[in-house]
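What you see is a predicted model; the values in this text were computed from it and never measured.
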Amino acid sequence: MQSKSGFSGVYPMVFALFDDKGGLAREPMRRQIKALLAAKVHGIAILGMATEVNKLSTAERRTLMEWVAEDIGGAVPLAVTVAESSIQGQIDFVRGAAAVGAKWAILQPPPVKAVPESALIRFFGAVADKVPIPVGIQNAPEYLGIGLSHGGISELHRAHPNVAIVKLEATALAISRLIEQVDGTLDVFNGRDGIEMLDSIRAGAVGIIPGAEVADILARVFDLHDGGKADEAERLYESILPLLIVLMETMDTFLVYGKHVLAHRFGIHATETRIPFTPPTAFGLEMMRRYSAAAGPV
């Protein structure tokens with residue numbers, strides 16, 4: 001599907017990397033970004049669930065955003081997830097993201113469950129109307145506990161055209177239903193670490209936002225498919241699909257073990273996950289070593 005917002009392709013959501021004292025690690029973060037740029041990803045995203053945004057202070061979120069924007073240097077578009085819990089907080093954060101060079105923002109719903117959908121639409125619309133860059137909505141109720149219906153997404157876009165993108169954690173079937181309901185007027189990015197990537201694109205998604213650990217391979221898959229080499233894209237995708245399925249068992253599994261894949265493949269050893277998390281097992285680490293060796297170094 002042709003992108004209407006101008007954004008498409010593979011936008012890895014980068015991991016937050018910490019030093020042995022639990023602080024943000026500058027040089028490993030720079031290494032992660034430079035490796036992704038060298039792998040020719042189509043954009044880079046920051047401050048989503050893969051970045052452990054719920055474990056970061058607002059100051060740390062801004063620091064990471066500024067580091068990543070500096071390291072990208074305008075080479076590819078930067079998308080910033082915004083998790084502030086108030087309308088003004090989200091407006092201020094999006095404006096700050098735009099000031100350092102972000103090209104679009106992904107708004108997370110406030111962490112308040114069981115609110116009427118109309119209230120969420122008003123919340124997102126109030127933010128979208130006051131910011132200088134296009135916004136997307138992260139609609140992942142399975143992970144966040146709150147979200148919009150397909151009808152609510154369509155209503156939000158009609159009333160607030162700056163809402164141009166939806167970032168889902170959904171099946172290809174759900175993507176197809178959403179695109180049909182909104183008459184193709186919104187760009188859809190899927191997540192789920194790239195599971196159902198090719199079917200998501202066939203359903204009408206313009207891109208995916210996976211983790212960083214095999215984003216280089218997923219970017220090649222996207223380019224092959226986009227270039228008409230569907231069979232080659234399918235074969236390459238199938239080679240990493242077992243790893244993606246393992247990692248997406250739970251978000252905790254993804255964070256703990258995905259960072260170990262990053263360590264093996266990128267030569268980055270800041271693999272700690274911020275507490276609380278479930279420690280990796282010897283068996284799990286051996287699995288990641290095998291998968292990483294099969295995928296090859298970056």
Salt bridge between Glu286 and Arg289, side-chain N to carboxylate O under 4.0 Å? yes
So, the side chain of Arg192 versus the backbone of Met248: is there a donor-acceptor pair under 3.5 Å, distance only? no
Between Asp193 (side chain) and Gly211 (backbone), is there a donor-acceptor pair under 3.5 Å? yes
Note: His42 and Pro77 closest approach over all heavy atoms is O-CD, 3.3 Å
Is the shortest side-chain heavy-atom distance between Ile153 and Ile137 below 4.5 Å? no
Would a 4.5 Å heavy-atom cut-off, applied to side chains only, mark Val182 and His150 as touching? no
Minimum heavy-atom separation for Arg61 and Glu84, please, with both atom names. NH1-OE2, 2.8 Å
Just do the side-chain contact (heavy atoms from CB on, under 4.5 Å) check on Lys34 and Arg30 with the steps written out, would you? CA-CA 6 Å; Lys34 295 303 183 184; Arg30 178 178 284 121; 4.1 Å; yes
Mutual orientation of the aromatic rings belonging to Trp104 and Phe189 [parallel < 30°, tilted 30-60°, perpendicular > 60°]: tilted
Compare every heavy atom of Val206 with every heavy atom of Ser8, then report the nearest pair and how far apart it is. CB-O, 3.3 Å
From the list Glu52, His264, His269, side chain to side chain donor-acceptor pair (under 3.5 Å) partner of Lys259 resolves to Glu52
Are Ser239 and Arg235 close enough that a side-chain donor and a side-chain acceptor fall under 3.5 Å? no
Under the criterion side-chain contact (heavy atoms from CB on, under 4.5 Å), I'd like the reasoning laid out for Asp199 against Ile175: C-alpha separation, chi angles, the key distance, then a yes or no. CA-CA 9 Å; Asp199 281 334; Ile175 289 170; over 6 Å; no
Minimum heavy-atom separation for Val246 and Thr253, please, with both atom names. O-CG2, 3.5 Å
For a 4.5 angstrom cut-off between non-hydrogen side-chain atoms, does Phe123 reach Pro109? no
Working for side-chain contact (heavy atoms from CB on, under 4.5 Å), residues Val214 and Arg265: CA-CA 8 Å; Val214 289; Arg265 301 194 64 237; 3.8 Å; yes
Answer with yes or no after comparing the ring centroid distance for Phe254 and Phe15 against a 6.0 Å cut-off, counting only values under it. yes
Show the nearest heavy-atom pair for residues Ala219 and Ala39, with the distance to one decimal. CB-O, 4.4 Å
Would Leu173 end up clustered with Val166 when hydrophobic side chains under 4.5 Å apart are linked, directly or stepwise? no
Measuring only between side-chain heavy atoms, which start at C-beta, is Val127 closer than 4.5 Å to Phe93? no
Check for a donor-acceptor pair, side chain of Tyr11 on one end and backbone N or O of Leu78 on the other, with a separation under 3.5 Å. no
Can you give me the closest heavy-atom contact between Pro28 and Ile268, atom names plus distance? O-CD1, 3.8 Å
Check whether any side-chain heavy atom of Leu285 sits under 4.5 Å from a side-chain heavy atom of His260, and report yes or no. yes
